[in-house]
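Here's the structure, in structure tokens; my notes come after.
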Amino acid sequence: MKLYADSASVAAVVPLLHDGLVRGVTTNPSILARDGLGAADLPRLYDEFSAAGADEIFLQATGDSRAALFDDASRIAGFGHRVVVKVPATPDGFRVAHDLMAHDVRVLLTAVYSLAQATFAASLGVDYIAPYFGRLVDSGEDGLSKVSNMTTVLASTRTRVLVASVRSPNAAATLALNGVSHITADVPVLLAMMVDPVTEQSALEFERVAAGG
Ligand code: G3P
């Protein structure tokens, strides 16, 4: 099991990395915008997350054509060896993913919504796909079966399913129960995953007893 922070907030993510609680960080243009950041901030974010101990830093390329997307992805790949470049799973994105892999760049195809896209991504041999669990459910799909089917189909391939848009501890646990081994979630969700009221109560009792109370 590997957990990642889906956030561009240095203040929120760096403490988790320092404490060794997550393996890395995932971002996209919407996540950057949420923190008032943009593409120009990516080199600094890479350096900060890298220095804090991230194994993998997922940064998304943008571009309104195949050439522009490839150029931006190549720029991002140049930040350092911890980068995994995210590319949207569009027809151009699949082509760019192939071209990047030919240059030994690690690639995640993002916003994967169908099993057909997942199958195609695995045929290319990309490192990761990212289905958006919460958004699948929002659109009326059975998100759990869909993600679970992707996990089954890709199990014998090198492509891993890193599920995003995971909005609660329960969603993360349910995904894990259904075979998902890579999850990215916003920091409040990750922090909430460590907490259970019964555990808190038990911990308080241990302290009281240990103190002779
Ligand atoms: O990384 C996926 C994330 O940006 C989408 O999450 O909760 O807005 O669907 P959400």
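Hydrogens, waters and symmetry mates play no part in the numbers below; they use all other heavy atoms, side chains included. Counting convention: from 1, in listed order, for ligands and their atoms alike. We're numbering straight along the sequence, starting at 1. Note that the coordinates shown come from a computational prediction; the quantities given were computed from them, not determined experimentally.
When hydrogens are left out, the protein atom nearest atom 8 (O) of ligand 1 is R135 NH2, 2.8 Å; that is the closest non-hydrogen contact. Scanning the protein for heavy atoms near atom 7 (O) of ligand 1, the closest one is R167 NE, 2.9 Å. Closest to atom 3 (C) of ligand 1, if we only count protein heavy atoms, is D6 OD2, 3.6 Å.
Contacts of N28 with ligand 1, taken as heavy-atom pairs under 4.0 Å, involve the side chain alone.
Listed by chain and residue number, F70 satisfy the ring-ring contact (aromatic ring centres under 6.0 Å, His included) test with H103 (two or more places apart in sequence, or in another chain). Annotation: salt bridge (charged side-chain N to carboxylate O under 4.0 Å, His left out) contacts of R44 (sequence neighbours excluded): D41, E48.
The A164 neighbourhood of ligand 1 comprises atoms 1 (O), 2 (C), with distances under 4.0 Å to a heavy atom of that residue. Near S165, meaning under 4.0 Å from one of its heavy atoms, ligand 1 places the atoms 2 (C), 5 (C), 6 (O), 7 (O), 9 (O), 10 (P).
Of the listed residues (T184, I183, V22), just one forms a side chain to side chain contact (heavy atoms under 4.5 Å, CB included) with D6, and that residue is T184.
Between the side chains of R135 and S165, no donor-acceptor pair of N or O atoms lies under 3.5 Å.
Note that R160 lies in the cation-pi zone of Y128, set by a 6.0 Å cut-off to the ring centre and a 45° limit from the axis.
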